[in-house]
Asks: 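If you scroll down you'll find the structure; I have some questions about it.
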Amino acid sequence: MKRKMLIKQVSWMAARAINNRFRGLFGYKEDDEEGFPSPADVYKKDVLVLKSAGLSMRKAEYGESRISSEWI
């Protein structure tokens, strides 16, 4: 039980850190819980820049291709 709780806590903390870094790429502050970049703004970012926020290469590529084909 303790191991599962620790894994969930670490996963949550990692997800929060990635979210904060991702939003930071677009000028959002860590303490500002409101706001998220538009699909058009994400599309303009290079895949490697998105990856630098902590996204896997596959997620960065998927986000770019899905955004470009469906949301713009």
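Just so it is clear, the model here is predicted, and its values are computed rather than measured.
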Asks: How long is the gap from NZ on Lys51 to CG on Asp46, to the nearest 0.5 Å?
Replies: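 Result: 11.5 Å between the selected atoms.
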Asks: Give the table of side-chain donor-acceptor pairs shorter than 3.5 Å for residues 15-22, with sequence neighbours excluded, one pair per line with atom names and distance.
Replies:
unit_1	atom_1	unit_2	atom_2	d
Asn20	ND2	Arg16	O	3.4
Arg21	NE	Ala53	O	2.8
Arg21	NH2	Ala53	O	3.3

Asks: What residues, two or more places apart in sequence or in another chain, satisfy ring pair (Phe, Tyr, Trp, His ring centres under 6.0 Å) together with Tyr28?
Replies: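 Scan of Tyr28 (ring pair (Phe, Tyr, Trp, His ring centres under 6.0 Å), adjacent residues dropped) gives none.
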Asks: With sequence neighbours excluded, what pairs up with Asp41 under the side-chain hydrogen bond (donor to acceptor under 3.5 Å, both in side chains) test?
Replies: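 Testing Asp41 for side-chain hydrogen bond (donor to acceptor under 3.5 Å, both in side chains), a comparison that skips the adjacent residues, returns Ser38.
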Asks: State, to 0.1 Å, how close Leu25 and Lys45 come at their nearest heavy-atom pair, and which atoms those are.
Replies: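 Closest heavy-atom pair between Leu25 and Lys45: O-NZ, 3.2 Å.
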